[in-house]
Amino acid sequence: MELIIGSHVSFTKDEQLLGSVKETLSYNANTFMFYTGAPQNTKRASIDEKLTTQALKLMKDNNIDIKNVVVHAPYIINLANSSNFDFNVRFLKEEITRTEKLGVKKLVIHPGSHVGFGIDVGIQNVIDSLNSAISDNDDVVICLETMAGKGTELGRNFDELKQIIDGIKLKDKIGVCLDTCHLNDAGYDLKNFASILDEFDKIIGLKYLEVIHVNDSKNNLGSRKDRHENIGIGTIGFDTLINIIYNDKIKGVPKILETPYVGIKAPYKYEIEMIKNKKFNGDLINDILK
Ligand code: FE
Ligand code: FE
Ligand code: ZN
């Protein structure tokens, strides 16, 4: 099986999914992830069917399997905060519908922050929101992302994610997204990725693993910071990331880069090339800026 790798791409009002696919192809990637609008707000344009059809055709022509494509829900939605319960549920339902209209099957969401109410209350709020938003005929899997543990963030370890999953009624609609930067910042030493994966399998179950976010980190192990770095330049390092990307047990899981732009330029084409070559490019930043 070929490596399934891509990056975060844009989804603009004018070109929508078609633009996302074109951008993906420019990086020589075979999958991608996008927000259906600005990540920091919940304003969303309606989905243009014609653009979607054209996008799906372009994907087909280029062997991009829609099953590997990912939507990321806006990060200002905080499912752990029950004071926004009705809004959260309504928005998440709409986001599921938008994701379905685009043909995408995976929707990543941050579990949320308990904002002082405590971990257990926060987790219960996440469970209640998800159970209200998810319905049996949805054709989308909601993927809970592992978090760095910044502030009162939930989902900073496998036990917290397991606690959420345990409360979900429709278990076939729920999955997990591992983010390497977040794992590192939460204190998981990725040099031992094989044992981390074993722990994941024991606590949650590998079948729940739907997406991997591949990022290096600007901060040290256990820093609880969440600042992404370009591949091979951060504290996780190139060899450790390659070891994760090519792990046999997660071959079929899409790998998505969310590394920072260098100036105004996207790094993804260059990072994907390094990953495919399994060789770190010491001139990465210069090559991107060229
Ligand atoms: Fe995320
Ligand atoms: Fe992420
Ligand atoms: Zn992050």
Side-chain angles (χ1 to χ4, degrees), residues 4-11 20 29 31-42 68-80 88 91-92 95 99 104 106-113 126 130 140-158 160-161 164 174-188 190 193 196 200 208-231 233-236 240-241 244-245 250 253-261 266-268 271-272 275:
I4 306 162
I5 188 141
S7 70
H8 168 251
V9 296
S10 55
F11 180 92
S20 310
T31 188
F32 56 98
M33 181 180 82
F34 59 98
Y35 293 91
T36 61
Q40 68 276 15
N41 70 45
T42 53
N68 296 323
V69 176
V70 183
V71 166
H72 197 310
Y75 47 71
I76 51 141
I77 292 278
N78 183 5
L79 300 182
N88 285 342
F91 181 83
L92 188 53
E95 189 78 344
T99 304
V104 175
K106 298 176 197 274
L107 175 59
V108 167
I109 192 163
H110 297 175
S113 298
V126 176
L130 288 172
V140 170
V141 173
I142 309 278
C143 310
L144 301 167
E145 182 167 354
T146 55
M147 302 309 293
K150 195 173 44 167
T152 62
E153 262 173 7
L154 300 169
R156 64 211 157 102
N157 58 49
F158 300 156
E160 287 183 6
L161 292 177
I164 297 171
I174 200 89
V176 173
C177 166
L178 290 183
D179 183 308
T180 56
C181 169
H182 299 175
L183 285 172
N184 174 79
D185 291 12
Y188 285 91
L190 294 168
F193 186 66
I196 291 171
F200 182 91
Y208 283 98
L209 185 52
E210 295 278 345
V211 183
I212 311 244
H213 285 168
V214 180
N215 304 301
D216 216 324
S217 174
K218 284 191 198 294
N219 292 99
N220 289 329
L221 182 67
S223 62
R224 301 178 110 195
K225 283 272 176 34
D226 187 5
R227 290 185 66 217
H228 303 184
E229 182 55 285
N230 292 105
I231 301 299
I233 290 177
T235 57
I236 300 173
T240 299
L241 290 171
I244 295 168
I245 292 165
I250 53 171
V253 181
K255 320 286 187 309
I256 307 283
L257 303 168
E258 307 174 288
T259 49
Y261 269 48
Y268 309 119
E271 291 178 327
I272 287 170
I275 288 166

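Just follow the structure's listing: the first ligand is 1, and inside any ligand the first atom is 1. Below, each value reflects all heavy atoms present in this structure, side chains not excepted, and no hydrogens, waters or symmetry copies. Predicted model, so just to flag it, every value in this text is computed and none were measured.
Side-chain contact between Met33 and His213: present, with at least one pair of heavy atoms (C-beta onward) separated by less than 4.5 Å.
Judged by distance alone, the side chain of Thr146 and the main-chain N or O of Asp179 form a donor-acceptor pair under 3.5 Å. No donor-acceptor pair closer than 3.5 Å links the side chain of Lys106 to the backbone N or O of Val211.
Put simply, His182 stays out of reach of the Fe ion (ligand 1), with no N, O or S atom under 2.8 Å from it. Among the atoms of Asp179, no N, O or S atom falls under 2.8 Å of the Zn ion (ligand 3). At a cut-off of 2.8 Å, His213 coordinates the Fe ion (ligand 2) through an N, O or S atom.
Taking the Zn ion (ligand 3) as reference, His228 places its N/O/S atom NE2 nearest. Distances from the Zn ion (ligand 3) to each N, O or S atom of Asp226 single out OD1 as the nearest. In Glu145, the N, O or S atom that comes nearest to the Fe ion (ligand 2) is OE2. As for His182, its N/O/S atom nearest the Zn ion (ligand 3) is the one called NE2. Per residue Asp179, closest N, O or S atom to the Fe ion (ligand 2): atom name OD2. Looking only at N/O/S atoms, Glu258 comes nearest to the Fe ion (ligand 2) through OE1.
Between the side chains of His228 and Asn230, no donor-acceptor pair is found at a separation under 3.5 Å. Counting only N and O atoms by type, the side chains of Asn88 and Asn78 include no donor and acceptor under 3.5 Å apart.
Residues His8 and Tyr35 place their aromatic rings such that the two centres sit under 6.0 Å apart. Between Phe158 and Tyr208, a ring centre-to-centre spacing not shorter than 6.0 Å is recorded.
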